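Before any comments, here is the structure.
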Amino acid sequence: EEVILGTGGGIRQAAELLDGKGPLIVCNSDSLTEIDIEAVLETHHNSGNLATLVLVPHRPGYSIVEVDTQGQVLSLAGKPQADPARVADGLIFTGFQIIERAALQRLPAAGPSNIVSDLYHDLAAEGLLGSYLHEGFWWEFGSPELYLEGSLRLLDETPERLHGISLQHDPVREINGAIAAVGAGAVVHPGARFRGRNALGFASQVSEGAAVESCVIMPEAWVGPGCRLRQAVVAQGVELPAGFEAEESMICADPGPTVDLPPASRRDGGLLVYEMSQLAA
């Protein structure tokens, strides 16, 4: 789009297209979770708040959301400044939220807006922003580094729990002493070596002599003989030539020499290699 409407403007305009008179249920598209939607809605309806945010325990790299003993949100990323005596916990926002239509009317009717700075800071100051604490699985996949880590974390979950997180997932099994989720039609040469946790997508192939450690090989990707991959994501349909090596990287097809390279990336024989640690920073 020529004009990005932001987290507030996009929802504000979409609300006009949605049927019904109740609040909106909104979630970010780059996350997986087992949040109990009915429980969140019940908490919201019983609170009288104009919006309810689903929060999870704090982890590094995210802005802190301060709440009181009743779960009322006092501040988001330090705004508005909360009374330290009222702060009971510091959590993080999952992007899952229940929003009353009356609250959306406070956002600009047209153009970009940010739902946190243009709405939630004010609601917090007015005591009209509630929260629901989710202590189960939640993971954001919004960067290549988070995508890799989150995909491999899913391999630690039980099949029963995976059914509550995602409607579709590949069976997990042992390959040469390592753990891997193996998609339908994936081909692993007996001479390939694996370490750690890995995910092999639909119809992917890992060839003879390849060494793969803690990687995601996406559907229909091909890892050539003797490749060395560690903490890497190989994009869908990519063919890695024999002996290709990569570490802490995402490898995808090169769209062509006329396309400017994003930061922390390089061309390598028709491929683009992104250094994930630099991208995440």
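Keep in mind that this is a model prediction, so the values were computed, not measured. The chain is numbered in sequence order, starting from 1.
Side-chain atoms of Q72 come within 3.5 Å of backbone N or O of G127 as a donor-acceptor pair. Judged purely by atom type and a 3.5 angstrom limit, T7 has no side-chain atom pairing as donor or acceptor with the backbone of N114. A distance-only check finds a donor-acceptor pair linking the side chain of W139 to the backbone of L146 [under 3.5 Å]. In this structure, Q97 contributes its side chain and G95 its backbone to a donor-acceptor pair below 3.5 Å. Checking side-chain atoms of D254 against main-chain N and O of G256 turns up a donor-acceptor pair under 3.5 Å. Counting only distance, with no hydrogens or angles, the side chain of S131 and the backbone of G71 share a donor-acceptor pair below 3.5 Å. Put simply, the side chain of E34 gets close to the backbone of F137: a donor and an acceptor are under 3.5 Å apart. Within the 3.5 Å criterion, the main-chain N or O of G209 finds no donor-acceptor partner in the side chain of H189. Side-chain atoms of S249 come within 3.5 Å of backbone N or O of E247 as a donor-acceptor pair.
Rounded to the nearest 0.5 Å, atoms CG (L41) and CG (N46) are 10.5 Å apart. To the nearest 0.5 Å, atom OG of residue S113 and atom CD1 of residue I11 are 8.5 Å apart. Of the inter-residue distances, the one linking E140 atom CD with N28 atom CG reads 7.0 Å to the nearest 0.5 angstrom. How far CG of L91 is from NE2 of H134: 12.5 Å, rounded to the nearest 0.5 Å. Atoms SG and CD1, from C27 and I37 in turn, are 7.5 Å apart once rounded to the nearest 0.5 Å. Here the CD1 atom belonging to I98 is positioned 6.5 Å from the NE2 atom belonging to H44, to the nearest 0.5 angstrom.
More than 12 heavy atoms of other residues, nucleotides or ligands lie within 6.0 Å of CZ in R161, so this atom counts as buried by the packing criterion. The neighbour count for E208 CD, taken as heavy atoms of other residues, nucleotides or ligands under 6.0 Å away, does not exceed 12. Within a 6.0 Å radius of CZ in R228, other residues, nucleotides and ligands contribute more than 12 heavy atoms.
Using a 4.5 Å cut-off on side-chain heavy atoms (C-beta onward), E126 and L50 make no contact. Annotation: side chain of L229 is in contact with side chain of I217 (closest heavy-atom distance under 4.5 Å). By the 4.5 Å heavy-atom criterion applied to side chains, V233 and Y147 are counted as neighbours. For the pair L104 and L24, the minimum side-chain heavy-atom distance is below 4.5 Å. You'll find the side chain of L152 reaches within 4.5 Å of the side chain of S214, heavy atoms only. The side-chain heavy atoms of N198 and V206, taken from C-beta on, include no pair separated by under 4.5 Å. Contact check for W138 versus L55: no side-chain heavy atoms found under the 4.5 Å cut-off. Side-chain contact between L272 and P255 is present, with heavy atoms from C-beta onward closer than 4.5 Å.
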Show which side-chain atoms of residues 172-187 pair as donor or acceptor with protein atoms under 3.5 Å away, not counting sequence neighbours.
from, atom 1, to, atom 2, distance (Å)
N176, ND2, A192, O, 2.6

Should R12 and Q105 be marked as a side chain to side chain contact (heavy atoms under 4.5 Å, CB included) after you check the CA-CA gap, both sets of side-chain angles, and the distance that decides it? CA-CA 8 Å; R12 175 73 165 83; Q105 298 304 313; 3.5 Å; yes
Kindly indicate, with the supporting measurements, whether the criterion side chain to side chain contact (heavy atoms under 4.5 Å, CB included) is fulfilled by Y62 and V56. CA-CA 11 Å; Y62 291 87; V56 295; over 6 Å; no
Please step through side chain to side chain contact (heavy atoms under 4.5 Å, CB included) for the pair R197 and D156, ending with a clear verdict. CA-CA 9 Å; R197 299 168 296 173; D156 297 330; 2.5 Å; yes
V65 and Y120: side chain to side chain contact (heavy atoms under 4.5 Å, CB included), yes or no, with the steps? CA-CA 11 Å; V65 178; Y120 289 159; over 6 Å; no
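With hydrophobic clusters built from ILVMFWY side chains whose heavy atoms lie under 4.5 angstrom apart, M276 does not share a cluster with V223. A single hydrophobic cluster is seen to contain both L200 and F244, as judged by linkage of ILVMFWY side chains at heavy-atom distances under 4.5 Å, directly or through other members. L148 and V234 sit in two unconnected hydrophobic clusters of ILVMFWY residues. Membership requires side-chain heavy atoms under 4.5 Å apart, directly or through other members. One hydrophobic cluster, built from ILVMFWY side chains closer than 4.5 Å, cannot hold both F96 and L53; they sit in different ones. Hydrophobic clustering places V26 together with L129 (ILVMFWY residues linked when any side-chain heavy atoms are closer than 4.5 Å, directly or through intermediates).
Nearest heavy-atom pair across G10 and L5 is N-CB, 3.5 Å. Shortest non-hydrogen contact noted between A103 and L119 is O-CD1, 3.5 Å. The nearest pair of heavy atoms linking D122 to D118 is OD2-O, 4.3 Å. Here the closest heavy-atom approach between residue P57 and residue L133 is recorded as CD-CD1, 4.1 Å. Among all heavy-atom pairs drawn from L76 and H121, the shortest one is O-NE2, 3.3 Å. The two atoms that bring A246 and I251 nearest to each other are CB-CD1, 3.8 Å, heavy atoms only.
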